[in-house]
Each structure stands twice: as structure tokens, then as C-alpha cells.
Amino acid sequence: MTTPYVTTPYEMTSYDMTPVRRDGGRRDERTTRGAVMSTTLEPEGTHEGVPAYHFDNRLSGPVLSHQQRWDELAVTHTGFRSTIAQGYWVVTESEAIQRALQDWRTFSSESVTVLNPNPRFLWIPEMLDPPQHTEWRRLLGKHFSPKAAAADEPKIRKIAGDLIDGLKDARSADVLDAFARRFPTRIFMDLMGLPEEDLGQFLHWTHDLLHLTYGEDPDGQRQLTAMNAVSDYFDEQIALRREAPRDDLLSRAMTWTIDGEKISDRDMHAFCVLFFQAGFDTVPISVGWALYHFATHPEQRAAIVADPSLISTAVEEILRVYSPVVPARKATRDVEIGGCPVRAGDMVMLPVAVTNRDPGRYDNPLEVDLHRETTNHIAFGSGPHRCLGSHLARLELNVAIEEWHRRIPDYEVEPGQDIEAHGNMYGIKQLRLAW
């Protein structure tokens, strides 16, 4: 079946992979890559009676500064207007954020990037609403169920162990490049049936797509080249499987039907691009936060080494406290949320960090509590678009932390680093640990 959307061109220019339009309809924001978030945020006045700020979520900042800014904004506002580009609404009321994520009829996933309310691209199934989204979830569900994830655990555990064994004798490393980014990439490639020898190329593309500074790529050409290469790569993989199907998720997906029609190559391409991004973003970022957290909290590190049964709670707490994802939705009708008079067609940012760090919802919400019994966080989202791969992601995170501490139980942050986090998806840029 072919969806009524266009999936190309992929002209990605910022960390949120928002395309810049060739016709000049949106200002090219490439100069924000490598810029650093201000430590203060002053209001610019009001917009329709709501406080207005020059709030740019794409900017980098010192480690944890993004989460701390949400803490401050949530205390003073239930919502505000960002004046960046064409402007968008930002909800900072904890319960309202979760309600909006659950209400797909009012807050559509037709667009999921606040700077692009009318995208010319599609990520399947993230940017579909029910009933199309429901059909894709049904087809994908058995491949990402708890049972499916558990079946892959021995393979996942071996990948993690081999990677850690390969670097532990070095006594220090940038653990993001050496482990956190390689580990889930290997798992993604195995799931999709992609050759292991392409790992280096995938890591290179990921670096050029997500981690270049403005100084390294002032005109965005390297980033655009990488995205085009990824697009071409998946076109080739789809064509290969049309000719000779294999025993992998990509081949199986190409046999599926929706409403009696085979899934088109165009939609398969959109599916592959989404999984490429999902596989290289959230889990590497969360592994990075976990290693940072335990490097800076030696008493908790000692606790999980002494009692590994605490790791499952630690994973949930790290997902909650560090909350790297900032979803967005497009309003389908006029509605008030968080005190904001949202109009149909407006974009709305829904920072899950506000909900996950809400003192009305959790005791000591800013602390990782290895004995916390409440695990109702929304780090994986909420409602019909809750992360499809959450069971696999949880398993990967648990395995990563278990296998790391089995082999490298004692480590610290190497001195002399200015640790910064990216904007949009709040991941640490570089983290050198010594052991």
C-alpha cells in the first residue's frame, strides 16, 4: 500500500533532521549547529497573552542544562510561545503533556518537528496516525514484543561483551564512540539483515548526520551528502531483497499487505529511514547518560556492582531523569492546552522531561533512586505512538550496563573535559572515561 505522502527529498540540516525547503519557505537554520544555549532565558513579551521567548531547543549546552531549563520553565509557566522561525507553542504542564501525547485526534503526528509543520518527507510509522499507524504497529508488533526481544538476548549480550572486551585494556576511551554508538548500531544492522562489514560506513554516516559542528560543515554539505548516501543505501537494499528475499526484518516487511495491497518501495524506504534514525539516537544517548551517571555517582555504581538486580530500576530511572526526547505534534483543531491558544495547523512541543521530572508526580524527582517503586515515566512516549521498540531498547540498556560493570566496575570521568549535550535530542557529545 502507498501512503498519501511524499518521502523525499531528504535535505536534513539540523540535529532534528528538519529539511530546508528549496523554495526558501523556511530560513536555513544551519548556523545553529555548534552554537551553545544561553544560560538565561529572558521573555520577549507576549503572544496572544502568553509569554513569548526566543527559545531554540536545537542549541547545545552544558551537561544537564537542557533538563534543568525545563525544570525552571515548568515552575513559572504552564506553556509559552517560542518565537523561533514561524513560531510554535511549548507546553510545560506535566499532565497536559501526557494527555496531548495520548490524544492523536487533536495532536497529530503528521509532523513531528516543530520547525516544519508541512513536511515533504515521511517516517513510517512515526508520522502516521490511526488507522494507518495501527496497521503498521500490528505488523511490526510481534517483531518488537517482549518475547522477540528476549529471544535475541544471547546475541545482544555477546555483541556488548565483545565490544567491551575490545576496549577494556586501553584503560581509557571516548565511550560514546567506542561503545555506546557501536553497540545498538550492530544490533540494528543484524535485525535488518545488513552486512556487518558496513558498520564503519554506518558510523561515519551517523557522525556526519548528527555530530558535526558548524565549523566542520558550515554549508551543511557533508550532512546532506551523508543523508543522500543513507537514502541510496536503503534503495539498494530494498532492490536486493525484491530479487532475493532473506531471513531478516526488511525482507519479511516486504511481504506484508495493508488493505490488501503490498507495501510500496517508497514506503519501505520511509520505514528504513525511520529505523535508521531510531536505532542510532535514543539507545546510544541513553547508554551515554548511564555511563556518565555512574561515573559521577560512585556510590550508586558500587551498589549495582554489588547487587546487579538493581540495574533494571536504574535503567528506568536514567530514562526518566535524563529524558532526552522532546516530541512535537501538529494541532488538527483549535484547542487550549497549558494556557496556550493553539490554532489548527500550529506546532506544539511536548517535552517529556517536564512530566518525568515533575515533583508532583515523584518524590525527589531529579534524583536517580535505585529503590524507586514508581516506574510510570513517559520516556518512551504515551498513547498510540509510544515507542514501538521500547522492549528492545530496555533490553539493550540493561545488557549494556550489566556487561560493562561486569568487566569495568571502577571508572571515572577523565579530568579536563567540558562535557556538553546536543540540543533537540539531549545526548552527550563526547565522554572520555578512565579505568
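This one's a predicted model, so the numbers in the text were calculated from it and none came from an experiment.
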Mind checking whether W123 and F271 have ring centres under 6.0 Å apart?
-> no
Can we call the ring centroids of F294 and W404 under 6.0 Å apart?
-> no
Main-chain N/O of N116 paired to S111 side chain as donor or acceptor, under 3.5 Å = yes
Between the side chain of S65 and the main-chain N/O of P62, is any donor-acceptor distance below 3.5 Å?
->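 It does hold such a pair.
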Specify whether [X] and [Y] have parallel, tilted or perpendicular ring planes, treating 30° as the upper limit for parallel and 60° as the lower limit for perpendicular.
{"X": "F183", "Y": "F179", "answer": "parallel"}
{"X": "Y292", "Y": "Y322", "answer": "perpendicular"}
{"X": "H377", "Y": "F380", "answer": "tilted"}
{"X": "Y233", "Y": "W205", "answer": "perpendicular"}
{"X": "F188", "Y": "F276", "answer": "perpendicular"}

Going by heavy atoms in the side chains, are T282 and M425 under 4.5 Å from each other?
-> yes
Taking NZ, NE, NH1 and NH2 as the nitrogens, is one of them in E403 or R406 under 4.0 Å from a carboxylate oxygen of the other?
-> yes
Sidechain N-carboxylate O distance under 4.0 Å for E367, R372 | no
Checking side-chain contact (heavy atoms from CB on, under 4.5 Å) against S94, which of I378, D358, T78 comes through?
->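 It is D358, the one option of I378, D358, T78 that forms the side-chain contact (heavy atoms from CB on, under 4.5 Å) with S94.
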Could you check E216, Q223, R222 and say which one makes a side-chain contact (heavy atoms from CB on, under 4.5 Å) with D208?
->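 Answer to the side-chain contact (heavy atoms from CB on, under 4.5 Å) test with D208 among E216, Q223, R222: R222.
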Should the heavy atoms of other residues, nucleotides or ligands under 6.0 Å from [atom1] of [X] be counted, would the total exceed 12?
{"X": "D307", "atom1": "CG", "value": "yes"}
{"X": "D418", "atom1": "CG", "value": "no"}
{"X": "E196", "atom1": "CD", "value": "no"}

Hey, are E93 and H77 close enough side-chain-wise for a donor-acceptor pair under 3.5 Å?
-> no
Do Q102 and S382 have side-chain atoms, one donor and one acceptor, less than 3.5 Å apart?
->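 Judged by distance alone, the side chains do pair up.
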Apply salt bridge (charged side-chain N to carboxylate O under 4.0 Å, His left out) to D190 and list each qualifying residue two or more places apart in sequence or on a separate chain.
-> K155
Ring-face cation contact, W70 with R357, 6.0 Å cut, 45° max =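 Because its charged atom misses either the 6.0 Å distance or the 45° angle limit, R357 does not stack over W70.
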Are R301 and Y411 in a cation-pi setup, meaning NZ or CZ lies under 6.0 angstrom from the ring centre and within 45 degrees of the ring axis?
-> yes
Between F234 and H269, is a ring-ring contact (aromatic ring centres under 6.0 Å, His included) present by the stated rule, with each step listed?
-> CA-CA 6 Å; F234 282 118; H269 184 279; 7.1 Å; no
What do the steps show when you test R81 against W89 for side chain to side chain contact (heavy atoms under 4.5 Å, CB included), and what is the final call?
-> CA-CA 5 Å; R81 178 76 175 182; W89 301 103; 3.1 Å; yes
